[in-house]
2 protein chains.
Amino acid sequence: MTSRHTRNKQENRQGNDARLPLTGWAVLGLLSFRGERTGYELKKWADSSLRFFYWSPAISQIYAELRRLEALGYAMSRCSGAEEPRATRRYTITESGRGALAAWADGAGDPGAPVLKHPLVLRVWLGHLAAPDTLRALVERHIERTRGELKEVRDARLRAARVAEWEFPRVALGWSERQHLAELELAEAMLADLDRLAAARRRPPTGGA
Amino acid sequence: MTSRHTRNKQENRQGNDARLPLTGWAVLGLLSFRGERTGYELKKWADSSLRFFYWSPAISQIYAELRRLEALGYAMSRCSGAEEPRATRRYTITESGRGALAAWADGAGDPGAPVLKHPLVLRVWLGHLAAPDTLRALVERHIERTRGELKEVRDARLRAARVAEWEFPRVALGWSERQHLAELELAEAMLADLDRLAAARRRPPTGGA
DNA sequence: GTGTACATGTAATCCGTTACATGATTCC
DNA sequence: GGAATCATGTAACGGATTACATGTACAC
């Protein structure tokens with residue numbers, strides 16, 4: 001709860017240290033895999049892969065991030081059809097952008113702790129206020145959802161397996177697949193805990209734990 | 001169709017549906033376990049328990065949320081030492097607040113999908129831009145950090161084990177403990193993947209995958 | 001008398017979402 | 001002609017953080 005070391009923030013002009021939010025690096029990363037993409041395409045790509053281990057920004061956020069990357073000289077855009085409004089705009093990563101991304105990716109700095117917000121567990125935490133069946137149903141629905149996600153992760157990993165250069169995305173997706181399996185196990189273990197708790201409550205609270 | 005005063009949103013006075021952000025319910029939940037706490041105390045409590053499965057809001061956020069809860073009639077505050085500025089202010093949950101919290105906790109509505117943002121995996125995803133040693137070091141540091149967290153979760157669970165009424169927090173913390181164990185295994189599996197990948201790269205890419 | 005923990009709050013700012021507005025193309 | 005998908009963007013807003021401002025109590 002105390003102060004950290006100071007650092008200025010408004011000094012990201014060109015080329016120097018330019019601290020982007022992680023989302024910025026993520027978008028630049030998407031751009032680095034495949035050349036000349038529209039924001040719309042990047043969004044779909046994020047939805048079908050990035051979101052499993054990181055997050056898929058809203059489309060409007062992606063557009064904003066792309067504009068920022070271009071302002072920094074990390075990306076270039078080419079607008080189809082002269083200067084009409086609403087023409088499709090395709091972005092490419094620049095050399096400068098590739099350099100900055102590589103420097104970021106290879107940096108030794110702390111990537112930051114994982115952020116985990118689990119609304120289901122939050123509900124369980126307040127379980128004494130809910131009926132046992134409510135909780136059970138919630139957990140079961142979560143298990144169903146996770147199974148669905150798991151399928152999607154697998155598909156994504158299989159797709160990635162077909163492109164030789166996507167070795168690292170493949171590792172990330174492999175991590176994600178195992179993560180989803182673990183999530184299933186965790187939910188099932190919690191279900192068992194809840195059942196045990198409900199059973200203990202139905203009996204008069206005589207003996208031990 | 002265009003009637004003015006139909007659904008303005010600043011009309012959540014008392015008792016009706018009052019949709020809070022999850023953070024609001026979390027803070028109200030903290031308040032529901034222990035009566036008469038200061039914002040500062042709630043923050044520490046969140047840091048040592050809530051954050052393992054959900055999240056610990058910034059202290060300023062907690063103060064803001066407490067003010068909102070009071071405005072909704074879900075909490076009351078009592079200010080020590082008359083009307084001095086900067087006196088300590090203790091909050092209590094009200095009956096109305098307890099009712100609203102219970103209704104929320106027992107609701108069948110979707111609690112929302114878990115949010116997982118894993119900056120480390122994001123880095124791995126872009127691993128082709130980094131030196132193998134950089135990644136290894138990152139993952140190993142993450143393992144160390146997770147081990148530390150695991151210890152803290154265990155402490156929290158042991159503390160919770162001493163209070164009989166904290167059965168559900170105990171379940172949540174049990175989930176969290178297993179989650180941290182899983183996180184360790186995931187990181188180790190990823191490390192193995194990375195090593196395999198690095199080894200394959202050192203050899204000429206002759207045969208199959 | 002200095003540092004640390006306790007304690008509260010404001011201001012600026014940013015990140016990100018939702019809702020809205022617009023329009024082209026394609027398929028039926 | 002109408003729906004779905006592709007495609008881009010603006011506006012309003014809310015959630016949350018950081019930095020800052022302020023002050024007490026207590027230990028050393």
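Throughout, protein chains are lettered first and strands after them, A, B, ... in sequence-line order, and every chain is numbered starting at 1.
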- prompt: Distance under 6.0 Å and angle within 45° of the ring axis: does A:Arg19 meet both against A:Trp104?
  reply: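 A:Arg19 over A:Trp104 ring: no.
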[X] side chain N/O closer than 4.0 Å to the phosphate oxygens (OP1, OP2) of [N]?
X: B:Thr88; N: C:dC6; answer: no
X: A:Trp55; N: C:dT17; answer: yes
X: B:Thr23; N: D:dA16; answer: yes

Taking [atom1] from [X] and [atom2] from [N], how many angstroms apart are they, rounded to a whole number?
X: B:Trp25; N: D:dG15; atom1: CH2; atom2: P; value: 13 Å
X: B:Ile62; N: C:dG9; atom1: CD1; atom2: C1'; value: 14 Å
X: B:Leu69; N: D:dG15; atom1: CG; atom2: P; value: 12 Å
X: B:Glu41; N: C:dA7; atom1: CD; atom2: P; value: 5 Å
X: B:Leu66; N: C:dG9; atom1: CG; atom2: P; value: 9 Å
X: A:Lys43; N: D:dG9; atom1: NZ; atom2: C1'; value: 15 Å
X: B:Gln61; N: D:dG15; atom1: CD; atom2: C1'; value: 6 Å
X: A:Arg68; N: C:dT13; atom1: CZ; atom2: P; value: 15 Å

Counterpart residues, side chain to side chain donor-acceptor pair (under 3.5 Å), relative to [X] (two or more places apart):
X: B:Arg136; value: B:Glu140, B:Asp195
X: A:Glu65; value: A:Gln61, A:Arg68
X: B:Arg34; value: none

Can you give the donor-acceptor pairs under 3.5 Å from side chains of residues 105-112 of chain B to other protein atoms, not counting sequence neighbours?
unit_1   : atom_1 : unit_2   : atom_2 : d
B:Asp106 : OD1    : A:Ala131 : N      : 2.9
B:Asp106 : OD1    : A:Thr134 : OG1    : 2.7
B:Asp110 : OD1    : A:Arg145 : NH2    : 3.2
B:Asp110 : OD1    : B:Gly112 : N      : 2.9
B:Asp110 : OD2    : A:Arg145 : NH1    : 3.4

When you get a sec, tell me which of [options] is the closest nucleotide to the side chain of [X]?
X: B:Arg89; options: C:dG9, C:dA7, C:dG16; result: C:dG9
X: B:Arg90; options: D:dA16, C:dA7, D:dT17; result: C:dA7
X: B:Lys117; options: D:dA7, D:dG9, C:dG16; result: C:dG16
X: A:Tyr91; options: C:dT17, D:dG9, D:dT17; result: D:dG9
X: A:Tyr40; options: D:dT17, D:dT5, C:dG16; result: D:dT5

For residues 51-60 of chain A, tabulate all N or O donor-acceptor pairs below 3.5 Å that involve a side-chain atom, not counting sequence neighbours.
unit_1  : atom_1 : unit_2   : atom_2 : d
A:Arg51 : NE     : A:Asp47  : O      : 2.7
A:Arg51 : NH1    : A:Glu149 : OE2    : 3.1
A:Arg51 : NH2    : A:Glu152 : OE1    : 2.7
A:Ser56 : OG     : A:Lys43  : NZ     : 3.2
A:Ser56 : OG     : A:Asp47  : OD1    : 2.7

Please enumerate all protein N or O atoms sitting under 3.5 Å from an N or O of nucleotides 10-12 of chain D, with distances to 0.1 Å.
none

message: Does any part of the side chain of A:Leu173, heavy atoms only, come nearer than 4.5 Å to the side chain of B:Trp125, both counted from C-beta?
response: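 Counting from C-beta outward, B:Trp125 and A:Leu173 never come under 4.5 Å.
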